Amino acid sequence: MRRLVVIAIPYLWLIALFLIPFVIVLKIALSDTALAIPPYMPQFDISAGWQGIRDFFSQLDFENFVFLTTDDLYWKAYLSSVQIAAISTFCTLLIGFPIAYGMARAPEEWRPTLMMLVILPFWTSFLIRVYAWVGILSNEGVLNQFLMALGLIDSPLQILNTPTAVYIGITYTYLPFMILPIYAALERLDGALLEAAEDLGCSRLTAFWLITVPLARNGIIAGCFLVFIPAVGEFVIPSLLGGSRTLMIGKVLWEEFFSNRDWPVASAVAVILLLILVIPIALFQRNEQKQREAEE
Amino acid sequence: MKRLSWFNVTSLTFGFAFLYLPMVILVIYSFNSSKLVTVWAGFSTRWYGELLQNDQMLDAAWVTIRVALASATLATILGTLAAYVLVRSGRFLGRTLFGGMIYAPLVMPEVITGLSLFLLFKPIFNQLGIHTIILAHATFSMCYASVVVSSRLVSFDRSLEEAALDLGATPFEAFRLVTLPIIAPAVISAWLLSFTLSLDDLVIASFTTGPGATTLPMKIWSAVRLGVSPEINALSTIMIGIVTIGVITASLASKRAAVRRAGEERAAVRT
Amino acid sequence: MPQTVFAPWDDPNEKPLIRFQNVTKRFGDFTAIDDISLDIYTREFFALLGPSGCGKTTLMRMLAGFETPTEGTILLSGQDIAPVPPNKRAVNMMFQSYALFPHLSVWENIAFGLKREGKDKGTIETRVAEMLKLTRLEKFKHRKPHQISGGQRQRVALARSLAKAPKLLLLDEPLGALDRKLREETQFELMDIQEKTGTTFVIVTHDQEEAMTVASRVAVMDEGKLMQVATPDRIYETPNSVYVADFIGDVNIFEGRAHQTGDKVQMIWADGQPPLSCTTSKNFSLDQKCWLAIRPEKIAISAERPQAANTVRGKVIDIAYLGNISTYHVALPSGQMIKAQAANTRRIERRTFTWEDEVWLSWTDTAGVLLDR
């Protein structure tokens, strides 16, 4: 009995505030835009009984999804979101892996400090960290001033308001999510394994490819998902750093909702975004599950 | 073997420079006396003074703190329960669904969570505001909280609870007197994490807010959309400063405790 | 009152404190306990002995209430304890990991159970002081578990589980975490405390020496079944199966076929060798497969052929010198290796045989036990 209550409280909370909202999003995505409050049709009329429910379902349609295919803004936004997220994830891995590797190889007494240095930015405001790059990347920004002072360039580079700025922003803000799982995997790696590999005739580099990378695989996979999945739906970074020319679906959804107040279309955008992310989310969950089972 | 190779030293140096330089630059420019953020015109604390006179900013900060306190507390309670269920309850109907609902919000794009919660709240509450932001924040923070607590619970020696039961404690007493005090550090860090997640959130709060409930990130957002503002630099510096001091104090305290404990354990072997 | 040997299990009028009645426990497809019936009596020091995975811990956890039997009943003082949750049982357990609460001091750990009973402050103070004295921990009462040594932790765990004066104390590998020397000291301490408090102890162990030292009776378990339940000396001297003989101490096993006349059996065991003779109270049919188990210390070793009921010839392959005694590994012509032990009453250089020497092994017809399984 008591066990049931303990299970029920968080379970019901998540069903009510996580699962049901998705069902509502789906329902509204199938409704029509209306000039009313709330701004969609049909309304659910429980008082009309069974007939009301049937009317309700008969009025749902895929009109909004059809609309999304007619305007190429949407599919371009989806495509460029996935592309930007993929490139950024790759950059994050490229920068994050050497850091994680260096941390795991560092003397043991340094590790807690290095760990804290990685986590510290995570505790500071996300918004502020993205905002910091506006001052660095703008035409009169610190980076351009620096490069011009060195004489490397004559006129300022246009970085802010380009996809490059978005790559930098995502890589920067999501870096701890990449470093931590990889570090966790590498730290557990027994140094004797590498010595054994070298003893058996591997060069340093082949030992790295044959031993270190495979054993860090789960950490790398977890890190990539932790960066890629939220990056696809990212809103703040493309809005602040990407300018009007960088299309990302999170931005489109935001504008549909706040500027156009078109809830059904915003919901349809969310449903498609979710469909795109369902496979990576499922893969991520399986990876987590496997890791947890391996630890038990 | 114990010495770092040049490769490791370089990657660590560049990595941490990449992580910290932007914030250092932000902090430096918050002391710039010029309104033009990119031109250094001498040291000044002018923007801090103006910030403290900005009542709207202070109001927003107060709203944010109230939301964060309430949602972090709710999230910690729910997250601890959820962690307990995940680690301890073995198999039950819908366990996979439950695990999925805990892990999915960790990677769910905020725009989706925000929109879906808005569509849920809109017909239920006749006005959205602080209360709906609190509910929304508690929901996504509880997942982070449960991950933090469950990672501690996994390594918790179950025989401690059995020992408490064996000595006559009820299951609730066993939790309150034995489990909770031992996992307390994890529960506290779960609370702190939930607190900062709530302080930090722009997107979900924007969707679930209502009239009169403007949080600090929303205020910052409307300011920075127009470009760099020295006042926001000052505000950022204060926030970075508070977090840095907090995290460093906490880690020093836990390190001191660990050192003392290690010393006592060594002494115990000798007696 | 006349001094009698403590043996309630031989008294048909004695009521057992614990009675397992056809208890079976399954975890999914795995049968951990297979139809066990067993009586344990008040004031006994009862040892459950077996290799890991034999079900001994499950049996104990059922007594504590952390597992419930799939079939059968467990009676404590005649009452079925199945519906009683662990926190309501007059049974306490000392955990293998000790399970000391790390955030509580030694004193608070010992007082934990008493406080749950809602005893008044004075009673708790007195009782905890008594326990601290019993386990010689007075000096450490304000320390936390991580501030004391392994042996002291073991005593805290014991004091804590004894504080509520349980009818039955369960000890799960209580000495497993201690080093050898401390373990031997603690064994005697445990026996002493058991005698002083008069509590019934059930101990789970995989260490046969420990079980033999402390227990009034030993139950040898294997794969969820009870192999033999008897006093330590009977388990050692008259094991009922090859498994028990082999599990407890060193033993030599000869396999052969029985030819019984009265209480004498001639065992045919190898071609061209005279049969081995022994006595038994069991009945064997003609040519029934049987095993003769003989402890190494009951086999004599000599250079000349002695006068004895059984003599076999072999070659010394190995000598394990243990100081006071030596164990000789002797290969018989059949290739079978036999261990024989001899006390080192003479200096090594005076020994009459060494590696590669031909020797005679001999034993009496009552030295071994003839087993039918």
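In what follows, every chain begins at residue 1, and chains take the letters A, B, ... in the order their sequences are listed. Computed from a predicted model, the values in this text were never measured in an experiment.
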field: Heavy-atom proximity to chain A below 4.5 Å, by part of B:L117
entry: both

statement: Given A:L240, A:V134, A:V25, A:I249, the one with more heavy-atom pairs under 4.5 angstrom with chain B than any other is A:L240

- request: Identify which part of A:V271 has an atom lying under 4.5 Å from any heavy atom of chain B, answering side chain, backbone, both or neither.
  value: neither

message: Nearest 0.5 angstrom please: B:S116 OG to A:L17 CG, how far?
response: 9.0 Å

message: Apply side chain to side chain contact (heavy atoms under 4.5 Å, CB included) to residues A:L14 and B:F98 and explain how you reach the verdict.
response: CA-CA 8 Å; A:L14 282 173; B:F98 187 72; 4.2 Å; yes

Atom group of A:L117 that falls short of 4.5 Å from chain B, counting heavy atoms: both

message: Distance check, rounded to the nearest 0.5 Å: A:I7 atom CD1 versus B:R88 atom CZ?
response: 13.0 Å

Interchain contact, B:S146 with chain A, by part (heavy-atom threshold 4.5 Å): neither

- request: Let me know if B:L74 has heavy atoms under 4.5 Å from chain A in its side chain, its backbone, both or neither.
  value: side chain

message: Heavy-atom pairs under 4.5 Å with chain B - which of A:G250, A:A270, A:P230 has more of them than the others?
response: A:P230

Atom of A:P121, atom of B:L19 and distance for their closest heavy-atom approach: CG-CD2, 4.3 Å

field: Atom group of B:L135 that falls short of 4.5 Å from chain A, counting heavy atoms
entry: both

query: Would A:W13 and B:L81 satisfy side chain to side chain contact (heavy atoms under 4.5 Å, CB included), going step by step from the backbone distance to the final call?
result: CA-CA 11 Å; A:W13 180 287; B:L81 280 177; over 6 Å; no

Atom pair CD1 (A:I15) and CG (B:L97), whose distance is rounded to the nearest 0.5 Å: 6.0 Å

query: Considering only heavy atoms, which portion of A:L114 lies under 4.5 Å from any heavy atom of chain B: side chain, backbone, both, or neither?
result: both

field: Heavy-atom contact with chain B under 4.5 Å, split by part of A:L127
entry: both

- prompt: So which part of A:F97 gets closer than 4.5 Å to some heavy atom of chain B, the side chain, the backbone, both or neither?
  reply: neither

- prompt: Taking C-beta and beyond as the side chain, do B:I240 and A:I128 meet within less than 4.5 Å on heavy atoms?
  reply: yes

- line: Closest non-hydrogen contact found for B:M239 with A:S125 is CE-CB, 4.0 Å

message: To the nearest 0.5 Å, what is the distance between CG on A:L226 and CG on B:L106?
response: 7.5 Å

- request: Please report the shortest heavy-atom distance between B:A104 and A:Q285, naming the atom on each side.
  value: N-NE2, 3.5 Å

query: Relative to chain A, which of B:I248, B:T10, B:L197, B:L192 shows the most heavy atom pairs under 4.5 Å?
result: B:L192

field: More than 12 heavy atoms from other groups under 6.0 Å of CZ on A:F146
entry: no

message: Which atoms of A:W123 are under 4.5 Å from chain B, going by heavy atoms: the side chain, the backbone, both sets, or neither?
response: both

- prompt: Taking all non-hydrogen atoms of both residues, which atom of A:I99 and which atom of B:S11 are closest, and how far apart?
  reply: CG1-O, 3.9 Å

query: Do the two ring centres, one from B:W221 and one from A:Y131, sit under 6.0 Å apart?
result: no

Side chain to side chain contact (heavy atoms under 4.5 Å, CB included), paired with A:F22, selected from B:I112, B:T113, B:L119, B:L120: B:I112

- request: With a 4.5 angstrom heavy-atom cut-off, could you sort out which part of A:F126 is near chain B: side chain, backbone, both or neither?
  value: both

message: Looking at chain A, which one of B:L26, B:T139, B:I77 has the largest number of heavy-atom pairs inside 4.5 Å, strictly under?
response: B:T139

message: Heavy-atom pairs under 4.5 Å with chain A - which of B:S155, B:G100, B:P123 has more of them than the others?
response: B:G100

query: Among A:W254, A:F228, A:F284, A:F122, which has the most heavy-atom pairs under 4.5 Å with chain B?
result: A:W254

- prompt: Which region of B:S236, side chain (C-beta onward) or backbone (N, CA, C, O), has a non-hydrogen atom less than 4.5 Å from a non-hydrogen atom of chain A, or is it both or neither?
  reply: both

query: Using non-hydrogen atoms only, which part of A:L160 is less than 4.5 Å away from chain B: side chain, backbone, both, or neither?
result: neither

query: Which answer fits A:I281, side chain, backbone, both or neither, if we ask what part of it has an atom under 4.5 Å from a heavy atom of chain B?
result: side chain

field: Most chain B-contacting option - heavy-atom pairs closer than 4.5 Å, from A:Y172, A:F18, A:F235
entry: A:Y172

query: In terms of heavy-atom pairs under 4.5 Å, which option from A:A282, A:A132, A:P112, A:P176 contacts chain B the most?
result: A:A132

- prompt: Which heavy-atom pair separates B:D200 from A:T124 by the least distance, and what is that distance?
  reply: OD2-O, 4.1 Å

- prompt: For chain A, which of B:D201, B:L193, B:L199, B:L202 has the most heavy-atom pairs under 4.5 Å?
  reply: B:L193

query: Side chain, backbone, both or neither: which part of A:L274 has an atom under 4.5 Å from a heavy atom of chain B?
result: both

field: Contacting moiety of B:I242, where chain A heavy atoms sit under 4.5 Å
entry: neither

task: Please check if the side chain of A:Y11 supplies one atom and the backbone of B:V85 the other of a donor-acceptor pair under 3.5 Å.
output: no

- request: Select one option (side chain, backbone, both, neither) describing which atoms of A:S267 are under 4.5 Å from chain B's heavy atoms.
  value: both

message: Looking at every non-hydrogen atom in both residues, tell me the closest pair between B:Y20 and A:M116 and how far apart they are.
response: OH-O, 4.5 Å

query: If we only count heavy atoms from C-beta on, is the B:F18 to A:L175 side-chain gap below 4.5 Å?
result: yes

Contact class of A:L253 relative to chain B, heavy atoms under 4.5 angstrom: side chain

task: Heavy-atom distances under 4.5 Å only: say whether B:L21 touches chain A with side chain, backbone, both or neither.
output: neither

- prompt: Atom OG1 of B:T244 and atom CG of A:L120: how far apart are they, to the nearest 0.5 Å?
  reply: 5.0 Å

task: Assess whether atom CD1 of A:I279 is packed by more than 12 heavy atoms of other residues, nucleotides or ligands within 6.0 Å.
output: no

message: If I measure from the heavy atoms of chain B, does A:I136 come under 4.5 Å with its side chain, its backbone, both, or neither?
response: side chain

task: Answer with side chain, backbone, both or neither: which region of A:A231 has an atom nearer than 4.5 Å to a non-hydrogen atom of chain B?
output: neither

- request: Between chain A and each of B:M108, B:E110, B:K255, B:R225, count heavy-atom pairs under 4.5 Å; write down the option with the most.
  value: B:M108

query: In terms of heavy-atom pairs under 4.5 Å, which option from B:G99, B:A136, B:S206 contacts chain A the most?
result: B:S206

field: Selection from A:V227, A:V236, A:I95 maximising heavy-atom pairs under 4.5 Å formed with chain B
entry: A:V236

- request: Measure from the ring center of B:F207 to the ring center of A:F258 and say whether it is less than 6.0 Å.
  value: yes

- request: Using the six-membered ring wherever Trp is involved, compare the ring planes of A:W263 and B:F118 and label them parallel, tilted or perpendicular (cut-offs 30° and 60°).
  value: perpendicular

